[in-house]
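Here's the structure, in structure tokens; my notes come after.
Keep in mind that what you see is a predicted model, and the values were worked out from it rather than measured. Numbers restart at 1 for each chain; the letters A, B, ... are given by sequence-line order, proteins then strands. Computation of the quantities below employed the complete heavy-atom set of this structure, encompassing side-chain atoms and omitting hydrogens, waters and symmetry-equivalent molecules.
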Amino acid sequence: MGDSTKSLLQRIIRRIPSRAIESTLRKWGRLTAEQLQSIDFTQPKWTVTQELLDMCEEGNWTLKFITELEMSYIIDNPNQGMWYAYQLMNPEDDANSVELTQFKEQFKSHLKQLVRHISLKMKKHTDEAVWIRIAWGDRFFQPNHMKPTYAVHYLQTPYVFVTSLTSKHKPLFSQAMTLSTRYQAIKDANLSGRNLTAIRDLLMRQFQQAFPTKHPSPLAERNQTVSHPRIEKEQDGNAANRLELACEAFGGGTLPQLQSAVYKLETKFRDQTNKAMTEREESFKCIVKFASTNLLESLRHCASSGFASTPVTPLLSSISLKGKNYFVITDNSPGAASQPRRAQDK
Amino acid sequence: MSLLKPFSKLPGINSANILLVEFEETFQQSLADALVEETAVTVNVRLAKSLPLPKENEENRPRIDLVVFIINLTTELSFQSAEASLKCLDSGFFLGKVCFMVTNARNASVPTERLDSVRKLAASLHCPLLFAEDQTPAGVTNAAERLLTILKVTAGLVPMTTALYLSNLTRCTVPPDIDQPTFD
Amino acid sequence: MERHHNSVTKTPLDRVQRRSKSKSYRQSLRSCLGATCLTPALTTRRLNISRRAPKSHNITEKVNPEQLALMVKTEWQLSYVTPLYQFRHTQLKSYSRQLSAFIAAEKQQGLAVEVEGSHGSFRVSFSVVQGMSEAADDAETVLIQIHLKRLFSRQDEPAKVVWSGLLTCINGSPDYLRSLPKDFTCLPLLCSSGAEGLTSAVKSWFQQTFDCYFGQLEISHTSLQWMIALWTNCQTESAIQFLKMIWTLPVVPPLKVTYTVNGQDAWELWSSVRKDPQKEGNGEDEDENSIDIEEVMRFMQGLKSHFYRHFRLDLSAGKLDQVSTALGSAKCSGMIKISNSKYMISTLTLLTECALLKMPI
Amino acid sequence: MEGSSKGGVLSHLSLLEAKARSRKTQLHQIKELRDKVEALRIQRDQLRAEIETHKILQKVRASLDKKCTKGGEEEELQVKEGEKMNEDSEHSQLLRLMARHTQLKDLLHAHHIIGGYNITKTIQGRRVCASLATAYEGVYLETYNVEFDLKPTVRIRRHDVPPFIPVDSLAEQSNMQTDIRAFLDTLSKYLNGYAGRKQQLKLVKERHKSVEVMESNVLCSILVMLLTVPGERVTVLCTLKYTDHTRCLPTGVYVQCEADKELPDSPQWKNNCSLLMETPVHKALTIMRDRWIIA
């Protein structure tokens, strides 16, 4: 037991960058002021780690302490792995009145019924998010703290954000989640990314969407760049129109930092100049991936600069409209040639 | 489709009007800022992404003395867009009032074929082809100065020369071996 | 990057022997003059506008398997080399010694030959790769390897290869090769892999010894499109599995588009844009299996239009950065990996051509 | 001239050229400044004229408003004919129209205040966008938008309502095809309820430093507070539940006290509970503080 505690501590410290170690330990609050003072954080990381390990041994820290440290670090730095969004479906009547203590108890008891060895830790963050850390074991093995699953849920919302959940544990997690939130089902929301805040903002609609209103739009005002009186833009109207449509499709202002979107296209190849391919029965299979440091801003720029035609195709605007970044596209009715494609769920 | 005509309007006194057409709309802005610095003549700059120009501006648009197509060699679309826009110009412009300006010609990933197509296009229309550096301020000023030299002539502000005369001297010619491999 | 039509004066012209144009060039000239309309946006000048479809070469029988394995598994950085003066394939042993000594001297001066954790001595070996050359005018391919013998290693431990380079010329333009004066050997393509410091050391030794010049060889947009077409054309003989293209669009922040097409579907599109050989009616054996730049462009157009139909986004606005299939991958920065030895020759032929275009006349 | 011998003739020439150029720009600058003075003068005159017009406009407006309150048709005629309009009769028609315009604008504003929705048509009437403003105690809070497709059926295309407000199920329940207004009314109630509760929570945190908010959620449908009874150092746990999400008042108040089990049943606290049920929480707490029930 002692060894696993120490190796977990070692592993966590390894993940934390040197400059963040001190602040993380302070936040953790398990070290006394003297202990904190005795550590020289300017030393190389491995000496700091050694000192901490010694303290761990002296203080007889339990596994619980260490997992707390990990959790507080992950909550502050969530953008480390891939986060997947899940959507809860068909709420029961009392779904809206689930409260924290009730949820905690329920989730714990449901999961413990399903798995014998499991270590659970829940914490409510300042922004109302409930953070859950699960270390999975099974009938014969103790919980593996090296690869814990993290889940983030905002009570009363139908979304759950999960990282490092294996397919083996997914049904167990899903069942406990649906039962304790008083929903009937859970499904993949087809949205994933490294930036938790981005996928959360996208689904919770916490980004500035542009709607047509009677009030003078701030966009138009912002767009009026002071230029020289002798320079005139001939197609200023078009440019403003493109920008407006682009903002309507992807949102205005700073957009959630989504990094990629994937489309699996299984549609027919249609081109008037290419008869052979157009007449072909099978679909043309391809996968298109868009990637950028901020995908939505890139796409918005594409549309406003004219690289992408406006109005923006529903395929691209669905990313922010539906809050998804994985799409499977098929021709929905093979007979009608003029039917536009529609994004379908996986 | 409305054609842009070179002689449908009267010229202004001591003024010259230049139209910059660029699909990317990036270089034209800095170039325009440099062009209006000129104090000897009043330079009016009109910016466009592509032709034709919108009808509603027809009234207050002055007579255009020089049309410049800015082509960024790194993208194919830039050339294609310029090629499509050419169709909206009255043939009168091709008597010395059109010129091409190419950027990013030194970029190594640009296939030589693309520059060749621009050369051929310019040569077939008897227009001059200028090369410009759009990244540095010095490059922008330099490009603006070269355009001003041509503009002053095409606007009729330089005595003893005409646009047609100048274009005979400056128009792009295709080297005779453009379609042949270099080694022979 | 120097432009070659400007550098005509740099080489004494009297040394270049004038020759009549070959038949294929006259054909290409005729076809370009014939096309009076301007709409095919890209015409070609220097790169061949038509080339033989890649035949699978049974290279495994001809080339030493060990050398072949090295060539196939490595990702190479490409450079071009101007013709080497007084290079002799017979003196490779002596070159090995000279280059070893050169690197040792460089290292002594503390110049940048340091490879990580390299406390030991470098040993260079030059060897001829037999069975690679295709045309009679091609010089034999030379493989250069640098081994590192660690200072405190056991006697029987084999020296580790830390750098390899391949100087090659496959199907080089006979016109150009024959026009070279007698003492020059043309191996225009250098594929190198290993530490940067060693690459520059090798380059500077070559420059001093053979009076040549090295430059980075980027793979242009057109060449990448050629690669796509040549590889896709192989589908019937060995599956390409997928055709992957990576484009970058110049927006803020830059947008990377990865477009991966199913191998079989790509091939069917390719065969639909191929010219009907019957209609051509030339009947010449030579032309039967040739691929035209127009076909390549039509293929690209087809791929782009399928993309545009879905996303209303014009890929022409961007830059093609990288292409890959199961047969290999190529990046515009000049990195190449050939995964299937069967088609190595045709890929190297294209690259040799690219490198020859950088040669001074 | 010494410089020229050092740097050569050409550099000297270029120096002269630069000088000449800078002189030119200086002259140019002076001209520009003059132009600017002229422009500013014109602007000043314009502004003066505008003020003048505005004054007249206000007079006209006042008379219009008077007429509206009286509601007499005859009086309108009277106003039209008489009074101060004679001074600049050519503009009178225009001025009257302008006054009417401002009046209508104010009416529209009033309409928004009493709960009307701002609806915008887009793409030739195939879509409409409704914006729902929320307010609490006279303070405008966030505005939410819902965009509808009108054809082939009325359908929500997109919105920026937070996910814990059940927009989709509200849409299903209401008969949106015929009565979009009813749907907007219900949605607006939900949004105003949410905005009100959120604002209350904010005010509690701002104004009552001694009250510790133990728990709340994104929907603000639950509020657990730790209250301190002054003097006795007794803490009381007070839970407010808002099961009706359209309202800003709780549907249930529960009080617990570790130290004094009897406390919740005391008449004073029963009184407090009913106070909390009937008054917005931040106000109720203020009252309780004033009565020295809590610190």
* **Stepwise side-chain contact (heavy atoms from CB on, under 4.5 Å) check, C:T260 with A:C286** => CA-CA 5 Å; C:T260 316; A:C286 54; 5.9 Å; no

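Here C:K304 does not pair with A:D271 in a salt bridge; the nearest charged N to carboxylate O distance is not below 4.0 Å.
Between chain C and the residues A:T310, A:N294, A:T293, the most heavy-atom pairs under 4.5 angstrom are made by A:N294. Highest contact tally toward chain A, considering only C:L243, C:N262, C:T258, is held by C:T258 [criterion: heavy-atom pairs under 4.5 Å]. Contact count versus chain A (heavy atoms, under 4.5 Å) is highest, among C:V261, C:T248, C:L315, for C:V261. Most heavy-atom pairs under 4.5 Å with chain A, from the set C:L269, C:D314, C:V257: that is C:L269. Among the candidates A:L299, A:T273, A:I287, A:N274, the residue making the largest number of heavy-atom pairs closer than 4.5 Å to chain C is A:I287.
Listed here is the closest heavy atom pair of A:F307 and C:A317: CD2-CB, 3.6 Å. Between C:R309 and A:R270, the closest heavy-atom pair is NH1-NH1, 3.0 Å. Shown here for C:Y308 and A:S309, the closest heavy-atom pair between the two residues is OH-OG, 2.5 Å. The two residues A:E282 and C:E268 make their nearest non-hydrogen contact at OE2-OE2, 4.3 Å.
Partner of A:S292 under the side chain to side chain contact (heavy atoms under 4.5 Å, CB included) criterion, chosen from C:L249, C:L255, C:V252: C:L255.
With a 4.5 Å cut-off on non-hydrogen atoms, A:R300 does not touch chain C at all. With a threshold of 4.5 angstrom between heavy atoms, A:A276 approaches chain C through side-chain atoms but not through N, CA, C or O. Contacts between A:S260 and chain C at a heavy-atom distance below 4.5 Å are absent for every atom of the residue.
Interatomic distance, C:W247 CH2 to A:F290 CZ, rounded to the nearest 0.5 Å: 13.0 Å. From C:F307, atom CZ reaches atom OH of A:Y263 across 9.5 Å, with rounding to the nearest 0.5 Å. Rounded to the nearest 0.5 Å, atoms OG (C:S305) and CD (A:Q272) are 9.0 Å apart. Between the CZ atom of A:R280 and the OG atom of C:S272 there is a distance of 9.0 Å, given to the nearest 0.5 Å.
Heavy-atom neighbours of A:K45 NZ from other residues, nucleotides or ligands within 6.0 Å: above the threshold of 12.
Judged by distance alone, the side chain of A:S298 and the main-chain N or O of C:P253 form a donor-acceptor pair under 3.5 Å. The main-chain N or O of A:K285 is found under 3.5 Å from a side-chain atom of C:D265 such that the two form a donor-acceptor pair.
Between the side chains of C:H310 and A:T313, no donor-acceptor pair of N or O atoms lies under 3.5 Å.
Side-chain contact check for A:F284 versus C:L303: some heavy-atom pair is nearer than 4.5 Å.
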